[in-house]
Amino acid sequence: KQYAKELRKLQIELCQLQEWIKYKGLRVIIVFEGRDAAGKGGTIKALTERVSPRVFRQVALPAPSDREKTQVYMQRYFAHFPAAGEIILFDRSWYNRAGVERVMGFCTDRQYERFLAMAPVFEREMVVENGIILRKYFLDVSQDEQRRRFEARIHDPMKHWKLSPMDTESVRRWWDYTAAYQRMIKATHTPWAPWHIVPADNKRSARLNLIRHLLDSIPYKKVDVE
């Protein structure tokens, strides 16, 4: 009950943020990254369930098609950037290259190193200096908690859709992912686009803390609605 009460307060504030974003014609990108089973989907749901899908638009891209593989790497993400009055929530983002693509060998060493060098430049020149507000969140869980959540998915028929062959690799390659994420954050944590690490072993606390931080980080005022 306490969680529901606190979440409702924050969701009311999110509605007010939404009206401010529309009123001022602002553009916002929120990047959600993290370990598998860290709770990104549940956090995004809590964030968006009381607001307009025309303003808060979730983007969760599938694996790239053969055509997309021949494009400039950032191209398919850039196509989903916000227009005035929109907030885009990337459920995983261009940082796939520094995480799963790196660990699973889906990119070359040269592509990986080039990405780490170019991501901060891209975020500064194509995002922040273009007037887009950028927030980057990394949801982190412990090894034991991740394993527990995967086991829960196995035993709950309503969570089977969340399972994929990559989940087994996430458990088996825990330390490979740890090294990849540590280097990613170190290389791309910048003054203009810092990472915010969200401890997520407690899903509800993680959701509340992330939403509070987001609201605190974007100055907004209440807009009088006719």
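- The CD atom of Gln58 lies 7.0 Å from the CG atom of Leu89; values are rounded to the nearest 0.5 Å.
- Arg207 places no side-chain N or O within donor-acceptor distance of the main-chain N or O of Ala46, the cut-off being under 3.5 Å.
- No donor-acceptor distance shorter than 3.5 angstrom exists from the side chain of Asp156 to the backbone of Ala152, with no hydrogens or angles considered.
- In this structure, NZ in Lys69 is found 10.0 Å from CZ in Arg76, a value given to the nearest 0.5 Å.
- The two residues Met126 and Ile132 make their nearest non-hydrogen contact at O-CD1, 4.4 Å.
- Going from atom CD of Gln182 over to atom CH2 of Trp175 covers 8.5 Å, rounded to the nearest 0.5 Å.
- Considering only heavy atoms from C-beta on, Glu123 comes within 4.5 Å of Lys136 through its side chain.
- Between Met104 atom CE and Ser170 atom OG the span is 8.0 Å, to the nearest 0.5 Å.
- Its side chain outside the 4.5 Å cluster rule for every partner, Met118 clusters with none of the Ile, Leu, Val, Met, Phe, Trp and Tyr residues.
- Contact between Ala98 and Ala180 at its shortest, heavy atoms only, is O-CB, 3.7 Å.
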Between Leu7 and Ile211, does the side-chain contact (heavy atoms from CB on, under 4.5 Å) criterion hold? Intermediate values first, please. CA-CA 9 Å; Leu7 180 59; Ile211 296 172; 4.0 Å; yes

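- Nearest heavy-atom pair across Ala206 and Pro199 is CB-O, 3.6 Å.
- Checked for salt-bridge contact, Glu19 and Lys22 meet the test: a charged N lies under 4.0 Å from a carboxylate O.
- You'll find the side chain of Pro82 reaches within 4.5 Å of the side chain of Ile29, heavy atoms only.
- By the criterion of side-chain heavy atoms lying less than 4.5 angstrom apart, applied directly or through intervening Ile, Leu, Val, Met, Phe, Trp or Tyr residues, Leu116 is grouped together with Tyr73 in one hydrophobic cluster.
- Between Trp20 and Pro219 there is no side-chain heavy-atom pair separated by less than 4.5 Å.
- Note that OG of Ser205 and CG of Leu210 are 12.0 Å apart. Values are rounded to the nearest 0.5 Å.
- Applying the ring pair (Phe, Tyr, Trp, His ring centres under 6.0 Å) test to pairs two or more places apart or on separate chains, those with a residue in residues 199-226 are Tyr137-His213, His196-His213.
- Residues Leu214 and Val223 are members of one and the same hydrophobic cluster, defined by side-chain heavy-atom contacts under 4.5 angstrom among Ile, Leu, Val, Met, Phe, Trp and Tyr.
- Proximity of a side-chain donor or acceptor of Arg149 to a complementary backbone N or O of Asp144 within less than 3.5 Å is not detected.
- Between Trp94 and Phe122, the ring planes lie perpendicular to each other; the angle is over 60°, past the 30° to 60° tilted range.
- With contacts defined as side-chain heavy-atom distances shorter than 4.5 Å, the pair Ile44/Ile30 does not qualify.
- Residue-environment remark: OH (Tyr3) exceeds the threshold of 12 foreign heavy atoms within 6.0 Å.
- Trp192 places a side-chain N or O within 3.5 Å of a backbone atom of Pro120 that can act as its donor or acceptor partner.
- When all heavy atoms of Phe90 and His80 are compared, the pair lying nearest together is CZ-CB, 4.1 Å.
- With a 6.0 Å radius and a threshold of 12 heavy atoms from other residues, nucleotides or ligands, Asp224 has its CG atom at or below the threshold.
- Applying the side chain to side chain donor-acceptor pair (under 3.5 Å) test to Arg35 and every residue at least two apart in sequence or in another chain returns Asp140, Thr178.
- When the shell of 6.0 Å around CZ of Arg212 is examined, it contains more than 12 heavy atoms from other residues, nucleotides or ligands.
- Closest approach of Asn96 and Arg92 over heavy atoms only: OD1-CD, 3.5 Å.
- In the hydrophobic clustering of this structure, Phe32 groups with Leu215; members are Ile, Leu, Val, Met, Phe, Trp, Tyr whose side-chain heavy atoms approach within less than 4.5 Å, directly or through other members.
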When you look at Glu6 and Arg204, which way does the side-chain contact (heavy atoms from CB on, under 4.5 Å) test go after all the steps? CA-CA 10 Å; Glu6 292 298 318; Arg204 290 179 174 179; over 6 Å; no

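- Considering only residues two or more places apart in sequence or on other chains, Arg147 meets the side chain to side chain donor-acceptor pair (under 3.5 Å) condition with none of them.
- Side-chain atoms of Glu145 do not come within 3.5 Å of backbone N or O of Ser142 as any donor-acceptor pair.
- In this structure, Asp109 and Arg102 have side chains that are in contact, with non-hydrogen atoms separated by less than 4.5 Å.
- Taking the side chain as every heavy atom from C-beta outward, Val51 and Ile87 never approach each other to under 4.5 Å.
- The side-chain heavy atoms of Tyr77 and Val31, taken from C-beta on, include no pair separated by under 4.5 Å.
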Can you check side chain to side chain donor-acceptor pair (under 3.5 Å) on Arg135 and Ser217, steps first, answer last? CA-CA 9 Å; Arg135 297 292 178 267; Ser217 73; 2.9 Å; yes

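- Contacts classified as side chain to side chain donor-acceptor pair (under 3.5 Å) and involving residues 37-56 (residues at least two apart or in different chains) are given here: Gln11-Glu49.
- Under the 3.5 Å distance criterion, the side-chain polar atoms of Glu33 are matched with a main-chain donor or acceptor of Ser93.
- Under the 4.5 Å side-chain contact rule for hydrophobic residues, Ile21 and Phe56 share a cluster.
- No side-chain heavy atom of Tyr181 sits under 4.5 Å from any side-chain heavy atom of Trp195.
- Taking both residues in full, the closest heavy atoms of Arg67 and Gln71 are given as NH1-NE2, 2.9 Å, listed atom of the first, atom of the second, then distance.
- Residues satisfying the side chain to side chain contact (heavy atoms under 4.5 Å, CB included) test with Ala119, not counting sequence neighbours, are Tyr95, Phe115, Thr188.
- In the hydrophobic clustering of ILVMFWY residues, with side-chain heavy atoms under 4.5 Å counting as a link, Tyr177 and Val141 come out apart.
- To the nearest 0.5 angstrom, Arg148 atom CZ is 14.5 Å from Gln143 atom CD.
- Between the side chain of Arg27 and the main chain of Asn130, a donor-acceptor pair closer than 3.5 Å is present.
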